[in-house]
Colleague: 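Right, I'll just put the structure down here and ask away after.
Here is how names work: the chains are called A, B, and so on, in the same order as the sequence lines, proteins then strands, and each is numbered from 1.
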Amino acid sequence: DQQVKQNSPSLSVQEGRISILNCDYTNSMFDYFLWYKKYPAEGPTFLISISSIKDKNEDGRFTVFLNKSAKHLSLHIVPSQPGDSAVYFCAASARGNTPLVFGKGTRLSVIA
Amino acid sequence: NAGVMQNPRHLVRRRGQEARLRCSPMKGHSHVYWYRQLPEEGLKFMVYLQKENIIDESGMPKERFSAEFPKEGPSILRIQQVVRGDSAAYFCASSERTSGNTIYFGEGSWLTVV
């Protein structure tokens with residue numbers, strides 16, 4: 001029973017273009033959403049987050065969009081760079097003492 | 001400003017041995033989480049602890065796995081009588097508080113059971 005789903009296991013994008021990574025969730029109690037980036041043999045690194053009271057949060061080249069009615073969020077990276085090649089995990093949490101729930105990840109490859 | 005520190009980074013154990021993985025949270029963080037990543041899988045929650053308390057262990061296997069976060073010292077994830085299926089990357093994370101807060105991960109401990 002996956003509460004956070006990343007339906008695309010992989011994505012290839014040309015350098016300079018936009019990367020769009022998608023994430024769907026099923027639990028309507030989730031109110032905080034995050035994206036993490038992970039390189040091989042390293043721990044996940046926090047990238048950007050968004051609270052359910054917002055529908056957009058931007059940080060440099062990274063923007064996260066939240067569509068609560070569709071229970072969908074997306075991460076936009078523009079322009080994409082080769083160093084962005086990594087696995088991206090979407091995560092969500094609900095109020096109270098609940099841990100983050102992660103999706104299975106999407107492997108992004110940015111081709112020079 | 002040390003981040004989350006995990007050790008050992010790599011651990012090899014024979015079937016039936018015990019594995020102990022340690023995690024020191026970031027300074028000022030009192031919440032610790034353990035996650036496991038099996039090959040080609042996502043991050044699966046195992047356990048959430050505060051000092052001297054297990055808050056949520058819903059993701060822990062019922063047998064052979066235990067975790068603690070004592071008043072002094074690091075959090076420890078203990079796996080007794082390891083089996084090949086325990087081979088995975090174990091990530092520890094910490095946060096200042098739960099609910100609406102970001103958790104920060106360590107570099108991970110890679111357990112290989114031979």
Colleague: Tell me whether the count of non-hydrogen atoms from other residues, nucleotides or ligands lying under 6.0 Å of CE in B:M60 goes above 12.
Modeller: yes

Colleague: So what's closer than 4.5 Å to chain B heavy atoms on A:L34: side chain, backbone, both or neither?
Modeller: side chain

Colleague: Atom CZ of residue position A:R17 - does it have more than 12 heavy atoms of other residues, nucleotides or ligands inside 6.0 Å?
Modeller: no

Colleague: Going from CZ on B:F91 to CZ on A:F102, what distance comes out if it is rounded to the nearest 0.5 angstrom?
Modeller: 10.0 Å

Colleague: Tell me, yes or no, whether the heavy-atom count around A:K54 atom NZ, taken from other residues, nucleotides or ligands under 6.0 Å, exceeds 12.
Modeller: no

Colleague: A quick test of your reading: do over 12 heavy atoms of other residues, nucleotides or ligands sit less than 6.0 Å from CD of A:Q14?
Modeller: no

Colleague: Answer with side chain, backbone, both or neither: which region of B:Q37 has an atom nearer than 4.5 Å to a non-hydrogen atom of chain A?
Modeller: side chain

Colleague: Tell me if the CZ atom of B:R15 is crowded by more than 12 foreign heavy atoms within 6.0 Å.
Modeller: no

Colleague: Nearest 0.5 Å, please: how far is CZ in A:F89 from OH in B:Y35?
Modeller: 12.0 Å

Colleague: Give the minimum heavy-atom separation between A:P44 and B:F105, together with the two atoms involved.
Modeller: O-CB, 3.4 Å

Colleague: Tell me whether the count of non-hydrogen atoms from other residues, nucleotides or ligands lying under 6.0 Å of NZ in A:K5 goes above 12.
Modeller: no

Colleague: Name the option with the most non-hydrogen atom pairs under 4.5 Å to chain B; the candidates are A:A41, A:S52, A:P9.
Modeller: A:A41

Colleague: Considering all heavy atoms of both residues, which atom of A:Y32 and which atom of B:T102 are nearest to each other, and what is their separation?
Modeller: OH-OG1, 3.1 Å

Colleague: Hey, which of B:A93, B:G59, B:G42 has the most heavy atom pairs under 4.5 Å with chain A?
Modeller: B:G42

Colleague: Is A:L73 isolated, or which residues cluster with it under the ILVMFWY side-chain rule of less than 4.5 Å, directly or via members?
Modeller: A:V4, A:L11, A:V13, A:L21, A:Y25, A:F30, A:F33, A:W35, A:L47, A:I48, A:I50, A:F62, A:V64, A:L66, A:L75, A:I77, A:Y88, A:V101, A:L108, A:V110

Colleague: Looking at A:R107, I'd like to know if its CZ atom is crowded, meaning that more than 12 non-hydrogen atoms belonging to other residues, nucleotides or ligands lie closer than 6.0 Å.
Modeller: no

Colleague: Which atom names give the shortest non-hydrogen contact between B:I103 and A:Y36, and what distance separates them?
Modeller: O-OH, 2.5 Å

Colleague: Determine whether B:L21 and B:V32 fall in the same hydrophobic cluster, where Ile, Leu, Val, Met, Phe, Trp and Tyr are linked whenever their side-chain heavy atoms lie under 4.5 Å apart.
Modeller: yes

Colleague: What residues of residues 107-114 of chain B sit under 4.5 Å from chain A when you count only heavy atoms?
Modeller: B:E107, B:W110

Colleague: Does B:E41 have more than 12 heavy atoms from other residues, nucleotides or ligands lying within 6.0 Å of its CD?
Modeller: yes

